[in-house]
Amino acid sequence: MAYWLFKSEPDTWSWDQQVAKGAAGEEWTGVRNYQARNNMRAMKLGDRGFFYHSNIGKEIVGIVEVSAECHPDSSTDDPRWECVDIRAVQPLPRAITLEEAKAEPRLAEMALVKNTRLSVQPVSEAEWAVICELAGL
DNA sequence: GCCAACGTTGGC
DNA sequence: GCCAACGTTGGC
């Protein structure tokens, strides 16, 4: 299983809205960046991801899982853009802020820290474990 | 609200 | 195919 990180501005789509969708999950629409799209293409059903609030909060707030593999993005007619569906699994007992991630040497190579603008990122197994540990899971 | 980083577009 | 101009993202 692979691990990922999904960024969203809570003004646009928040963790609470994601949770409200329940087990049905929701399309992760609106990605217009090839790197991010390619990451979604690589996702498999059941892969896990962190849900990150950008701009407001700037923290990892929960865990999601891929509930449908990559398919055309229904928010556009442009065939270049595809997306997966994700559903909320559980909130983190303690949110991990960007500040904390930056201060943690074991996360120095994380895309969240090094490539701030990428909206859908891969997370290594080691990074996943460190964040779970910090979050109290 | 500013601006740095970075991706995309389009002229040549 | 290069690169300048431009637009967008996201931290601060």
Side-chain angles (χ1 to χ4, degrees):
Chain A
M1 134 143 50
Y3 299 102
W4 310 94
L5 182 141
F6 297 86
K7 272 191 202 174
S8 184
E9 296 190 30
D11 276 350
T12 308
W13 184 254
S14 70
W15 170 251
D16 287 343
Q17 287 172 283
Q18 184 68 50
V19 169
K21 285 287 170 180
E26 177 76 358
E27 267 188 288
W28 196 255
T29 57
V31 171
R32 302 291 182 264
N33 169 285
Y34 291 108
Q35 236 185 309
R37 185 209 58 192
N38 290 343
N39 286 332
M40 289 199 286
R41 280 185 174 172
M43 292 179 191
K44 300 288 180 213
L45 201 63
D47 276 359
R48 294 280 167 121
F50 289 125
F51 192 106
Y52 175 78
H53 277 168
S54 64
N55 276 311
I56 300 167
K58 284 171 289 181
E59 55 190 6
I60 299 168
V61 291
I63 291 175
V64 294
E65 88 179 355
V66 176
S67 61
E69 291 184 9
C70 217
H71 57 78
D73 182 335
S74 70
S75 69
T76 176
D77 289 332
D78 192 328
R80 290 178 300 169
W81 305 121
E82 301 172 11
C83 64
V84 296
D85 292 8
I86 59 173
R87 65 167 160 253
V89 174
Q90 62 174 327
L92 292 186
R94 200 175 70 79
I96 301 302
T97 63
L98 179 62
E99 198 181 2
E100 280 180 85
K102 283 183 167 174
E104 170 54 61
R106 289 174 295 170
L107 300 178
E109 295 302 310
M110 217 185 152
L112 185 67
V113 174
K114 292 196 89 175
N115 187 0
T116 52
R117 292 190 52 210
L118 185 59
S119 62
V120 179
Q121 325 176 338
V123 174
S124 76
E125 211 171 324
E127 290 161 353
W128 183 272
V130 169
I131 289 168
C132 287
E133 173 197 316
L134 295 176
L137 281 175

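Convention: sequence-line order gives letters A, B, ...; per-chain numbering from 1.
When A/Val89, A/Val64, A/Leu92 are each tested for a side chain to side chain contact (heavy atoms under 4.5 Å, CB included) with A/Phe51, only one passes: A/Val64.
At the phosphate of C/dT9, neither OP1 nor OP2 sits under 4.0 Å from any side-chain N or O atom of A/Lys7.
The separation between A/Gln35 atom CD and B/dA5 atom P is 17 Å, rounded to whole Å. Per the geometry, CH2 belonging to A/Trp13 stands 17 Å off P belonging to C/dG10, to the nearest Å. Atom NZ of A/Lys114 is separated from atom C1' of B/dC6 by 15 Å (rounded to the nearest Å). One can place CG of A/Asn33 at 18 Å from P of C/dG7, the figure rounded to the nearest angstrom. For A/Arg117 and B/dG7, the CZ to C1' distance is 6 Å, given to the nearest whole Å. Rounding to whole angstrom units, NZ of residue A/Lys58 and C1' of C/dC12 are separated by 6 Å. A/Tyr52 has its OH atom 8 Å from the C1' atom of C/dG10, to the nearest Å. Between the CZ atom of A/Arg32 and the P atom of B/dT8 there is a distance of 13 Å, given to the nearest Å.
Ionic pairing of A/Arg106 and A/Glu127 is not present here: no N-O contact between side-chain nitrogen and carboxylate oxygen is shorter than 4.0 angstrom.
Comparing A/Arg80 and A/Thr116 against DNA chain B, the residue whose closest nucleotide sits nearer the 5' end is A/Thr116.
Using a 3.5 Å distance cut-off with no hydrogens or angles, the side chains of A/Ser75 and A/Asp73 do pair a donor with an acceptor.
Between A/Trp28 and A/Phe6, the ring planes lie perpendicular to each other; the angle is over 60°, past the 30° to 60° tilted range.
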